[in-house]
Amino acid sequence: EPEVTQTPSHQVTQMGQEVILRCVPISNHLYFYWYRQILGQKVEFLVSFYNNEISEKSEIFDDQFSVERPDGSNFTLKIRSTKLEDSAMYFCASSAPTGTSGRNEQFFGPGTRLTVL
Amino acid sequence: AQSVTQPDIHITVSEGASLELRCNYSYGATPYLFWYVQSPGQGLQLLLKYFSGDTLVQGIKGFEAEFKRSQSSFNLRKPSVHWSDAAEYFCAVGSGGSNYKLTFGKGTLLTVNP
């Protein structure tokens, strides 16, 4: 069964450093998302991406964050200058094209745990 | 703005007992509703979803949920809980249209006693 994959599973970085979190969505999906979950809190929407541009972003997704689909398979989240409060689990998700039965179901990856020291 | 409330932060049940996890949502239009489960250190696994039609939906692992529009609820149930069901459960509502995102509740942690 196709699945969303994410690398690395755990990333440790120093405050102020740039990090790139990588995701490979399900191959025929066209909608991509990033969510985050700070330890002990709920999962929060960060950004959605379609047709090579951001569809919607939350207030969390400030200028320090960016997303990119550099090729036909990867979807990345970059944090330019990490802060302590960026420590969280980051989940990538993807969903199928409009008109297909799975359009509104998002498939989640296993997450990347980011620790900022 | 859409929102989800899960009133129970932590629930403990005995193995074999029935389970109901509560979820209330706020959304202006017909909602897309989901229940996800997260085991410790793991990602989010979809248990079941409601888009339209029959208000009682069946999911994986013997779970079901009932959509009640009049109560803005989408409670998750299981008739007999297994020790492996211990996990955190998240209810989520999805907005419609092309700018589509999930809004999650804060989750309910389920502990299962032997």
> Can you tell me how far the OH atom of B:Y32 sits from the CD atom of A:E105, to the nearest 0.5 Å?
Replying inline: 13.0 Å

>> Would you say CG of A:D62 has more than 12 non-hydrogen atoms from neighbouring residues, nucleotides or ligands within 6.0 angstrom?
In response: yes

> Between A:K42 and B:F90, which heavy-atom pair has the shortest distance, and what is it?
Replying inline: CA-CE2, 4.3 Å

>> Counting neighbours of CD1 on B:I9 that are heavy atoms of other residues, nucleotides or ligands and sit closer than 6.0 Å, is the number greater than 12?
In response: no

>> Which atoms of A:Q6 are under 4.5 Å from chain B, going by heavy atoms: the side chain, the backbone, both sets, or neither?
In response: neither

> Using non-hydrogen atoms only, which part of B:Q38 is less than 4.5 Å away from chain A: side chain, backbone, both, or neither?
Replying inline: side chain

>> Could you measure the distance from the CG atom of B:L44 to the OH atom of A:Y35? Nearest 0.5 Å is fine.
In response: 10.0 Å

> Is it the case that more than 12 heavy atoms not belonging to A:E59 sit under 6.0 Å from its CD atom?
Replying inline: no

> Are the side chains of A:Q106 and B:Y36 in touch, meaning some heavy atoms are under 4.5 Å apart?
Replying inline: yes

> Would you say A:L21 and A:Y33 are hydrophobically clustered, going by side-chain heavy atoms of ILVMFWY under 4.5 Å?
Replying inline: no

>> Test of understanding: clusters of I, L, V, M, F, W, Y form through side-chain heavy atoms closer than 4.5 Å, transitively. Do B:L33 and B:L19 belong to the same one?
In response: yes

> CZ/A:F108 to CG/B:L102 distance, rounded to the nearest 0.5 angstrom?
Replying inline: 5.0 Å

>> I'd like to know whether CG of A:L39 has more than 12 heavy-atom contacts from other residues, nucleotides or ligands below 6.0 angstrom.
In response: no

> Which bit of B:L46 comes within less than 4.5 Å of chain A, counting heavy atoms only: side chain, backbone, both or neither?
Replying inline: side chain

